[in-house]
Each structure stands twice: as C-alpha cells, then as structure tokens.
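The structure appears right after this line, and notes come after that.
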Amino acid sequence: MAVAPDGSGTATGGHGDLGPHARAKLRATLTGSIFAMSVLAYLGDHETTLSKAVLTVVGTGLVIFFGEAYAGLFSMALASVRALPAAEVRHELSACSMAAAPGVLAGGFLLIADVLGLAVPTAIDVALWLGVLTLVACSVVEARGSHRSPLFRVGSVAVSVVLGVGIIVLKAQLH
C-alpha cells in the first residue's frame with residue numbers, strides 16, 4: 001500500500017487534500033470492500049450457514065490485509081538501501097489494515113443480523129447494499145480531496161455506484 005512518491009504528479013497539499021497516508025487507507029478500504037462484496041455475492045448464491053458466511057468474509061478480509069501488507073513491505077524493503085524504520089512499518093500496516101476492515105465489519109454485521117432474527121440470505125443481501133454505501137462513501141471522501149473538475153469527481157462517484165450495484169445485479173443474475 002505504498003503511497004505516491006513526491007514529484008509523481010499526484011496532488012498532495014491543496015485545500016481539502018487527504019494526504020498520501022489517508023489516500024492509501026481509502027484505497028485499501030475500497031479494495032477490501034470490493035473483495036468483501038464479491039465474497040458476499042458468492043455466498044448469497046449458495047446455501048450457507050451463518051458461521052461459514054462469517055468465517056469466509058472475515059477470513060477473506062484478513063487474507064487481503066496480509067497480502068497488501070506483504071506486498072507493501074516487500075516493495076518498500078526492496079526499494080530501500082537500509083532496514084525499514086519501525087515507524088514506516090507501522091505506517092504501512094496501518095494503511096493495509098483498512099483492507100481487512102470491510103470483511104471484518106461485514107462478518108460483524110452478519111452476526112448482529114442473526115441476533116436480530118434476519119435469515120442468512122437476507123443478511124447477506126443487506127450486507128451487499130452496505131458495501132455499496134461503503135464504496136460510495138469512500139468515493140465521495142476521495143472526490144472531495146481531488147483537484148480534478150467537479151464533473152470528473154461526480155463521475156468517479158457514479159462509477160463506484162455502478163460497480164457496487166453491478167456486483168449485486170451479477171449476484172441476482174447468477175442466483
């Protein structure tokens with residue numbers, strides 16, 4: 001989850017700008033959300049138990065975190081001529097941890113939905129729509145810090161909505 005280097009042409013430092021670390025966290029959250037939604041869509045197409053659904057979506061989130069952390073730290077280590085300082089390792093792990101958050105939160109939601117009496121398939125459907133809201137929220141936050149035109153910002157949010165709804169439509173078509 002390495003951040004854009006200085007001089008890369010990436011906007012860093014304008015009014016409302018999120019900064020490289022916040023953008024890395026948003027990117028990880030978007031990635032984790034897409035993976036969590038894909039897993040939920042798959043689970044929604046198959047008969048599954050609550051425990052299997054929770055373990056699958058949470059486990060996928062953790063695997064995404066470990067993959068992001070490994071790739072980021074490996075890349076940083078190869079690009080460095082010295083040992084990575086602990087602060088840089090913590091920074092990278094902090095950003096990468098957001099890739100696990102959507103899966104872990106989806107698993108938590110499925111548990112809460114069960115306590116509230118929702119059937120597993122219904123809870124999965126609601127979790128998918130919460131995933132769409134997550135994609136939209138992350139896109140809005142990212143767009144607000146963008147230095148692009150308002151039309152481009154609105155378009156990027158619209159693409160997130162289409163992606164999220166597309167995953168749900170695909171799930172419905174396959175089921």
Side-chain angles (χ1 to χ4, degrees), residues 1 3 16 18-73 89-146 153-175:
M1 196 58 33
V3 297
L18 298 171
H21 188 62
R23 286 192 190 280
K25 284 185 171 193
L26 272 173
R27 186 173 51 249
T29 303
L30 285 166
T31 300
S33 296
I34 292 167
F35 275 103
M37 289 178 68
S38 298
V39 168
L40 288 167
Y42 173 82
L43 291 170
D45 286 340
H46 298 82
E47 183 117 357
T48 188
T49 63
L50 174 67
S51 59
K52 181 179 177 182
V54 170
L55 289 173
T56 302
V57 75
V58 170
T60 299
L62 294 174
V63 166
I64 300 304
F65 160 72
F66 288 123
E68 289 284 335
Y70 171 76
L73 292 172
V89 172
R90 281 192 304 275
H91 183 274
E92 185 70 15
L93 293 176
S94 170
C96 293
S97 69
M98 295 308 292
V104 172
L105 291 174
F109 172 79
L110 293 175
L111 291 172
I112 291 169
D114 182 64
V115 168
L116 296 175
L118 285 177
V120 173
T122 303
I124 288 172
D125 287 342
V126 173
L128 278 168
W129 284 105
L130 291 173
V132 172
L133 290 176
T134 302
L135 291 176
V136 171
C138 288
S139 298
V140 167
V141 169
E142 184 77 32
R144 287 191 71 223
S146 173
R153 294 179 204 185
V154 170
S156 66
V157 172
V159 166
S160 288
V161 172
V162 169
L163 175 66
V165 172
I167 291 171
I168 292 171
V169 168
L170 182 61
K171 175 213 172 271
Q173 293 300 317
L174 295 175
H175 191 49

Mind checking whether [X] and [Y] have side chains closer than 4.5 Å, heavy atoms only?
X: Lys25; Y: Ser94; value: yes
X: Ile124; Y: Thr48; value: yes
X: Val132; Y: Trp129; value: yes
X: Leu110; Y: Leu40; value: yes
X: Thr31; Y: Met98; value: no

Rounded to the nearest 0.5 Å, what's the gap from [atom1] on [X] to [atom2] on [Y]? Could you check?
X: Cys96; Y: Arg27; atom1: SG; atom2: CZ; value: 9.0 Å
X: Leu111; Y: Leu116; atom1: CG; atom2: CG; value: 11.0 Å
X: Arg153; Y: Glu142; atom1: CZ; atom2: CD; value: 11.0 Å
X: Cys138; Y: Ile34; atom1: SG; atom2: CD1; value: 9.5 Å
X: Leu30; Y: Ser160; atom1: CG; atom2: OG; value: 6.0 Å
X: Leu130; Y: Ser33; atom1: CG; atom2: OG; value: 10.5 Å

*Thr56: side-chain hydrogen bond (donor to acceptor under 3.5 Å, both in side chains) partners, not counting sequence neighbours*: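 If we apply the side-chain hydrogen bond (donor to acceptor under 3.5 Å, both in side chains) test to Thr56, skipping adjacent residues, there are no hits.
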*With sequence neighbours excluded, what pairs up with Ser51 under the side-chain hydrogen bond (donor to acceptor under 3.5 Å, both in side chains) test?*
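So Ser51 forms a side-chain hydrogen bond (donor to acceptor under 3.5 Å, both in side chains) with Thr49.
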Which pair of non-hydrogen atoms, one from [X] and one from [Y], has the smallest distance, and what is that distance?
X: Ala113; Y: Ala123; answer: CB-CB, 3.6 Å
X: Ala143; Y: Val157; answer: CB-CG2, 4.1 Å
X: Ile64; Y: Ala99; answer: CG2-CB, 3.6 Å

*Identify, with sequence neighbours excluded, every residue that meets ring pair (Phe, Tyr, Trp, His ring centres under 6.0 Å) alongside Phe66.*
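Per chain and number, Phe66 pairs via ring pair (Phe, Tyr, Trp, His ring centres under 6.0 Å) with no residue.
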*Kindly indicate, with the supporting measurements, whether the criterion side chain to side chain contact (heavy atoms under 4.5 Å, CB included) is fulfilled by Leu93 and Leu73.*
CA-CA 8 Å; Leu93 293 176; Leu73 292 172; 4.0 Å; yes
_Between Val63 and Phe35, is the side chain to side chain contact (heavy atoms under 4.5 Å, CB included) condition met? List the steps._
CA-CA 10 Å; Val63 166; Phe35 275 103; over 6 Å; no
_Met37 vs Thr134, test: side chain to side chain contact (heavy atoms under 4.5 Å, CB included). Steps then yes/no._
CA-CA 10 Å; Met37 289 178 68; Thr134 302; over 6 Å; no
*Any sub-3.5 Å donor-acceptor pair from Thr122's side-chain atoms to Leu118's backbone N or O?*
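Answer holds: no.
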